[in-house]
Amino acid sequence: MRGLWLRLLRGGGTAARLEIALPVAAGAVITLVLLLLLGLQQGLDHRADRTAWRTPEPAAGEATVLQAGHLDYIGERPITVIELAALTAGPPDVPHMGDFPDPGEVWVSPALASLTDELPADHLAQRFPGEIAAEIDAALLESPDELFAVVGRAPDDPAMTAERPSHQWNDAASLSPVAIDHWSTTPDLYQTTYRDIALLVAVLTALPLVGLGGLAARLTAARRQRRTATLRLLGASTAQVARLAAVELAVLAGAGVLLGAALHQVLLPLATQATIKGGTWFQADLRPDPWLTLAVAAAIVAVLIVGAISGLLPAVRDPLGTYRRSRLGRTRPRWWSLVFIAAAVTLFWLRSSNPFVTIAFTVVVVLGWGLLAVGPWLIFNLGRLLARTARSPQGFLAGRRLSDDPHSAWRAVGGLALAGFISGFVAAGLAAGIGNADAYEAGTERIDAVVTAAGIDTAASEAATALDAAGVPATVAATAPPTWLDAADWATLAVTVDDPGADMDRARTVLAASGLAGPELRLSDDLPTMWLLQDGIVIGFLIMPIAALVGLAAMVIGAIARVLAQRDTLLGLHLAGTPQRVLLAAQRREMLLPTALLGGIAVAAGLAGGTTLGSVDLLNPATLGVLTGLLALAAAAVLAADRAVRPVLARVSTDLAERE
Amino acid sequence: MRESSPPPSSGRPQRGAPDRKARSGSPVLTAAGLVKRYGDTTVLHDAALDVHGGETVAVMGPSGSGKSTLLYCLSGVMTPDAGTVTYRGERVDTRSDGRRAELRRTEFGFVFQFPGLLPELSAAENVALPLMLAGTDRRTAITRASTLFPALGLDGLERRRPGALSGGQAQRVGIARALATEPAVVFADEPTGALDTETGDEVMSLLLASAVERGAALVVVTHDERIARRCDRTVAVADGRTSALERS
Ligand SMILES: Nc1ncnc2c1ncn2[C@@H]1O[C@H](COP(=O)(O)OP(=O)(O)O)[C@@H](O)[C@H]1O
Ligand SMILES: [Mg+2]
């Protein structure tokens with residue numbers, strides 16, 4: 001028994017080389033992508049933990065500190081500012097700093113320190129109420145390049161007493177002074193929402209990965225099944241054939257997983273440079289725990305083995321039937337997947353903090369994984385319909401072959417269907433994001449500082465005077481506050497700078513220095529949406545090529561695998577005088593029709609999922625562009641499969657030596 | 001595969017016809033009252049067969065009469081719906097799947113109508129396969145397998161792949177594989193059905209000779225009267241019932 005699997009692999013020729021290469025490649029890609037996604041999840045978790053203290057919780061006992069905060073901006077980069085005032089003689093140290101800022105003391109992150117040095121003082125440095133006294137520890141930063149400042153103030157400083165306007169969801173944008181007795185450890189909603197979105201992305205990405213895994217485990221299912229049946233007839237025990245398949249896949253997938261983990265190591269420094277939520281990454285954030293990495297590796301290998309062995313079950317149970325093909329593959333929707341879907345949705349509802357993301361997640365899981373579950377069943381019925389209504393022999397052959405072996409047809413077209421689902425989702429989501437981008441662009445040339453309604457007139461005239469004195473040409477106006485604020489309490493001081501390229505930050509510095517710097521809530525609303533769009537594009541362009549590649553490879557490999565699996569039928573048809581032309585035409589139909597049906601359903605489902613992120617008119621350039629790309633991909637895949645299958649079909653259906 | 005076959009041309013089935021060769025002792029393999037159904041169709045009604053050590057038994061009958069099914073039940077590939085199969089006093093039909101597999105691996109050999117060789121392996125490796133499955137290490141198994149090649153006229157073909165063998169050669173490799181574990185009983189289901197007459201005769205002669213030489217009992221399904229005559233006795237299968245066939 002020992003070495004038999006190796007011998008079987010080495011002896012298998014071209015088909016076996018694919019049999020070796022695919023599990024290795026699939027193991028590598030799946031591992032790489034999963035580790036990256038896990039890293040993203042972990043990184044966002046760590047970011048949320050490190051920034052949790054910035055959004056204070058009111059004191060239950062005796063208060064020791066007053067804490068407030070706001071987002072300032074330099075160009076279009078936010079500067080997170082936390083303001084602290086001691087209420088007692090010995091205030092608690094700021095976490096990881098071993099100290100508490102004295103009034104007038106300013107601590108800055110390394111990135112902010114160097115930016116302060118770089119820029120003229122009237123752009124940035126003069127906004128701070130005191131001297132830079134310390135550099136903030138990395139353990140307090142969201143990302144290595146974050147602009148972050150901690151400002152010490154006196155408890156009776158007007159900044160620490162006056163109520164501030166609040167943001168509708170981005171708490172850090174403007175925090176009214178709060179008396180606290182401990183540093184908060186509850187992550188902020190904006191942070192956890194991002195983490196939830198990343199989970200949504202992980203699920204979307206898992207779809208093509210599952211397709212790839214299935215393809216790898218089952219590519220040569222027919223061959224391995226045939227072999228298993230023969231071995232069983234010769235008296236091999238169930239354990240022996242199972243071990244054969246398991247050892248084979250464990251070694252191959254194991255090699256792939258190692259390769260993927262190594263690739264991940266190499267790519268990690270690159271991955272830390274990917275800007276997500278406006279910042280790059282600490283490497284430790286993105287590197288999953290070694291135990292988790294090991295668990296992922298083991299899980300991938302296990303899933304591939306289980307996939308391969310479950311494909312062998314019929315041959316183990318009924319070797320004779322498998323050999324003679326007397327047993328029909330039964331196809332029902334896989335109801336067990338409902339359990340999985342329900343579990344995924346439930347877990348997410350328990351964990352998620354943001355109802356919008358939760359709804360999007362639910363829709364994606366139900367539609368995406370639902371598609372995965374009913375795909376073969378749809379193809380089975382399509383085949384039956386086709387065979388029943390066909391008028392040409394190729395139509396009849398295609399239909400019969402589809403309904404006879406819908407699983408292998410699904411493996412060929414399923415990857416493309418999932419790519420269609422993801423593209424639909426991205427196409428709709430992208431359009432929603434771009435709608436926001438336009439609103440953002442329109443507002444970049446104006447500072448919208450929210451101040452009290454009572455003080456707006458004074459603020460406006462003082463701002464105009466100060467800007468004039470500083471030599472910053474600008475127009476000052478008083479406008480309505482953001483929609484979620486009461487106009488009786490709040491108003492917007494709108495400063496339109498004549499030359500935003502040069503003077504935007506000078507104007508901000510002037511306003512700050514004259515004590516008029518109300519928080520720029522509109523920017524704190526628009527910028528994260530922009531980031532979300534950018535991140536969506538970054539991730540989307542990471543997922544979509546994977547999905548497209550898997551779709552394309554699945555189509556070509558799947559089509560070849562199907563021909564090889566049905567070699568007896570094809571040989572028989574050929575010997576019975578069926579022209580090659582008819583076989584080819586049938587083959588083309590077998591690929592084209594399920595692609596069209598499932599692709600159509602998948603894109604529609606994806607679009608429906610994507611619109612949960614924001615309703616859009618689907619007739620826009622972004623959506624249509626993505627969908628056109630998808631159509632081109634599908635056409636290329638069908639053509640490539642057609643090309644690749646032609647010689648195999650010719651060989652299999654004519655060469656008697658090909659029979660087993 | 002031959003779809004239609006000539007009916008047994010001579011002799012009327014007669015119960016209790018005397019056997020040509022006197023047999024002593026109890027049979028190694030006994031089957032009685034076998035019933036096998038596929039869904040609604042009953043293929044075996046009341047089939048019975050005794051096989052004594054070292055004897056050769058021809059099984060004849062029209063296509064679709066249940067000959068293959070009978071062989072599958074005897075060899076433990078299938079379990080009958082009723083009746084008993086006993087091998088050396090041990091019930092085969094009620095054994096677990098694992099035990100039946102073990103019997104196939106160690107006590108029985110099977111030659112199928114199709115060669116059923118693994119295309120990935122060389123001829124010698126295919127023959128060595130049952131030995132490897134039974135625990136022999138690869139080298140020894142292949143060496144032992146190769147010793148079967150000269151007698152079957154397969155000299156020099158040890159390293160060939162099945163795809164590069166003629167139909168007759170492939171079937172002889174199949175025979176070698178069935179004999180490799182030195183089984184007590186070899187089953188052959190129309191082993192020459194896919195071969196031309198001349199090649200078929202040659203293959204069948206080799207099968208008979210090598211089984212006899214090794215002292216293995218042989219149960220062979222054939223449509224060829226001449227082959228049947230060379231066996232110790234003939235059993236007819238008709239409509240799922242067995243009966244001994246008297247020779248003309
Ligand atoms: N898997 C099966 N399912 C249903 N019917 C079967 C199956 N296998 C064989 N049969 C039927 O059982 C009968 C006997 O088959 P078989 O034993 O192969 O006959 P023989 O070998 O004598 O030609 C035939 O009528 C055949 O159609
Ligand atoms: Mg038969």
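The sequence lines fix the lettering, A, B, ..., with proteins before strands; numbering per chain opens at 1.
Using a 4.5 Å cut-off between heavy atoms, B:Arg100 makes no contact with chain A at all. For A:Ser237, the parts lying under 4.5 angstrom from a heavy atom of chain B are both the backbone and the side chain. Contact annotation for B:Phe108: neither backbone nor side-chain heavy atoms come within less than 4.5 Å of a heavy atom of chain A.
Annotation: side chain to side chain contact (heavy atoms under 4.5 Å, CB included) contacts of B:Leu157 (sequence neighbours excluded): B:Leu154, B:Arg160, B:Leu165, B:Gln169. For A:Arg401, the side chain to side chain donor-acceptor pair (under 3.5 Å) test picks out A:Gln566, A:Glu590, with sequence neighbours left out.
Taken to the nearest 0.5 Å, the CG atom of A:Leu234 stands 6.0 Å off from the CG atom of B:Leu129.
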Exercise for the section: Go through the steps for B:Val85 and B:Leu29 under the test side-chain contact (heavy atoms from CB on, under 4.5 Å), then give the verdict. Expected result: CA-CA 7 Å; B:Val85 180; B:Leu29 187 67; 4.1 Å; yes
